[in-house]
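Accompanying notes for the structure given below.
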Number of protein chains: 2
Amino acid sequence: MAMFLSTTINKVDRKGRVSVPAAFRAALSEQAFRGIVAFPSFKHAAVQCGGMDWMEKLGAGVDTFDLFSDEHDTLTAALFANAQQLAFDGQGRVLLPENLIVHASLAEQAAFVGRGPLFEIWNPEAFADYQAEAVRQAAEKGLTLRPAGPPGSDGGQT
Amino acid sequence: MAMFLSTTINKVDRKGRVSVPAAFRAALSEQAFRGIVAFPSFKHAAVQCGGMDWMEKLGAGVDTFDLFSDEHDTLTAALFANAQQLAFDGQGRVLLPENLIVHASLAEQAAFVGRGPLFEIWNPEAFADYQAEAVRQAAEKGLTLRPAGPPGSDGGQT
DNA sequence: ATTTATCCCATGATATCCCAAATAATCCCA
DNA sequence: TGGGATTATTTGGGATATCATGGGATAAAT
């Protein structure tokens with residue numbers, strides 16, 4: 001499974017295109033579909049993204065024959081209906097659809113944020129705020145996300 | 001199996017034709033039959049659609065019920081009796097039959113809603129209502145649709 | 001003969017492709 | 001360890017192809 005790390009800020013051009021960071025594209029290079037799958041985050045003003053395999057895993061619990069279950073009904077409606085396949089152009093860019101631009105309040109710039117098996121696209125300022133808040137809360141809670149090892153040898157949680 | 005994602009709203013013309021979104025047609029391109037299979041949803045005022053392979057899977061599911069049971073009886077009656085094959089015209093459109101238009105309350109516009117292995121056709125306003133509720137519930141439940149796999153390999157839903 | 005469905009072409013809008021320029025990262029050799 | 005050269009990446013924009021849509025003409029059905 002792909003692994004997305006670090007944060008990159010790229011420009012959204014007049015046509016609504018953005019370069020997906022080369023490192024992220026490399027992580028997706030194994031996939032049959034040359035592009036990403038994206039949908040609005042339920043919790044934040046951000047776009048969640050991954051490869052096709054990731055989307056298939058999210059939907060793995062959904063049975064083809066399951067036309068009657070209420071839970072799956074709402075979940076697939078929220079997931080698949082809002083998801084979009086965004087293909088790379090020759091330069092590794094994707095065209096952001098209107099609904100995602102609106103949901104994430106994207107303008108001239110987009111922040112690509114690695115989150116391990118997936119990545120997110122944020123409005124850079126919104127992400128800075130969110131991150132500051134996350135750090136504040138982590139400090140408050142005594143930084144429970146701590147690697148095993150001697151004190152002071154941690155990875156400097158961001 | 002085909003993967004239908006995202007939502008597209010297309011126009012129903014005076015003759016009752018609608019373009020099936022190009023992305024959906026591409027997902028069906030492997031199929032022998034150039035068109036879709038459609039039947040009224042049991043749960044909603046919507047039309048459920050898929051390729052022929054999907055219909056065959058539904059048939060296989062029906063086989064697992066006892067041949068003489070009430071379930072089998074109602075299912076086959078409801079499923080196959082109401083299902084219709086809608087062929088594409090040269091431009092990738094289908095002609096919506098009267099009974100489906102009535103069932104889904106379709107007028108000038110039709111929303112094509114991807115739901116993974118199948119897709120649905122809705123009246124756009126009706127779907128917007130349903131969609132809002134589905135997203136609300138998904139957020140509330142914290143996306144319980146977990147990817148299949150060992151613990152720790154999940155998508156890290158935020 | 002009237003209706004209903006299919007085929008075919010035209011058109012505007014949109015997305016994709018392709019080439020070229022700027023920018024950033026990396027390498028190499030002194 | 002510099003600093004210039006080389007390569008990779010990002011960005012811009014014009015040309016091209018694709019898509020959604022409309023409507024006339026043709027064919028089939030009743």
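Proteins get letters first, then strands, A, B, ... in listed order; numbering begins at 1 in each. Worth knowing before you read on, the calculation uses all heavy atoms, side chains too, and leaves out hydrogens, waters and symmetry mates.
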Which pairs, with at least one residue in residues 80-90 of chain A and sequence neighbours excluded, count as a salt bridge (charged side-chain N to carboxylate O under 4.0 Å, His left out)? A:D89-A:R93
I'd like a list of close polar pairs between nucleotides 13-16 of chain C and the protein, N/O only, cut-off under 3.5 Å.
residue, atom, partner, partner atom, Å
C:dT16, O4, A:K15, NZ, 3.4

Once side chain to side chain contact (heavy atoms under 4.5 Å, CB included) is applied, do any residues pair with A:E133, and if so which ones, sequence neighbours excluded? A:R136, A:Q137
So, using side chain to side chain contact (heavy atoms under 4.5 Å, CB included) as the criterion, who are the partners of B:A126 when residues are at least two apart?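 Partners of B:A126 under the side chain to side chain contact (heavy atoms under 4.5 Å, CB included) test: B:W122, B:N123.
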Taking side-chain hydrogen bond (donor to acceptor under 3.5 Å, both in side chains) as the definition, give me every residue that meets it alongside [X], ordered by chain and number, with sequence neighbours left out.
{"X": "B:H103", "answer": "none"}
{"X": "A:Q85", "answer": "none"}
{"X": "A:Q31", "answer": "A:D53"}

Let me check the geometry of the helix from C:dA1-D:dT30 to C:dA20-D:dT11. What is the bend angle between the axes at its two ends, five pairs each, to 10°?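 It comes to 30° between the two terminal axes.
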Separation between OG1 (A:T74) and OH (B:Y130), nearest 0.5 Å, reads 6.0 Å
Inter-residue atom distance B:C49.SG - B:M55.CE, 0.5 Å rounding: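 It comes to 9.5 Å.
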Rounded to the Å, how far apart are [X] [atom1] and [N] [atom2]?
{"X": "A:Q109", "N": "D:dT11", "atom1": "CD", "atom2": "C1'", "value": "13 Å"}
{"X": "A:D13", "N": "C:dA20", "atom1": "CG", "atom2": "C1'", "value": "15 Å"}
{"X": "A:F112", "N": "D:dT10", "atom1": "CZ", "atom2": "C1'", "value": "11 Å"}
{"X": "A:F88", "N": "D:dT10", "atom1": "CZ", "atom2": "P", "value": "11 Å"}

Does a side-chain heavy-atom distance below 4.5 Å link B:R25 with B:R34?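 Side-chain contact under 4.5 Å: no.
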Test your reading of the model: is there a side-chain donor-acceptor pair from B:S19 to the backbone of B:P21, 3.5 Å cut-off?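 It does not hold such a pair.
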May I ask you to list the residues of residues 96-107 of chain A, by number, that have any heavy atom positioned under 4.0 Å from an atom of DNA chain D? none
Among pairs that include at least one residue of residues 1-16 of chain A, which meet side-chain hydrogen bond (donor to acceptor under 3.5 Å, both in side chains), considering only residues two or more places apart or in two chains?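 Sorted result for residues 1-16 of chain A: A:D13-A:R17.
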Give the intermediate values and the outcome of ring-ring contact (aromatic ring centres under 6.0 Å, His included) for residues B:W54 and B:F33. CA-CA 12 Å; B:W54 172 69; B:F33 169 60; over 10 Å; no
Heteroatom pairs (N/O) under 3.5 angstrom, protein to nucleotides 16-20 of chain D:
residue, atom, partner, partner atom, Å
D:dA20, OP1, B:A22, N, 3.1
D:dA20, OP2, B:R25, NH1, 3.1

Who clusters with B:I101? Use side-chain heavy atoms, under 4.5 angstrom, across I, L, V, M, F, W and Y, and order the result by chain and number. B:F4, B:V12, B:V18, B:V20, B:F24, B:L28, B:I36, B:V47, B:L86, B:F88, B:V94, B:L96, B:L100, B:L106, B:F112, B:F119, B:I121
State whether A:R14 places a side-chain N or O below 4.0 Å from either non-bridging phosphate oxygen (OP1 or OP2) of D:dG13.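 The answer is yes; a side-chain N or O of A:R14 sits under 4.0 Å from OP1 or OP2.
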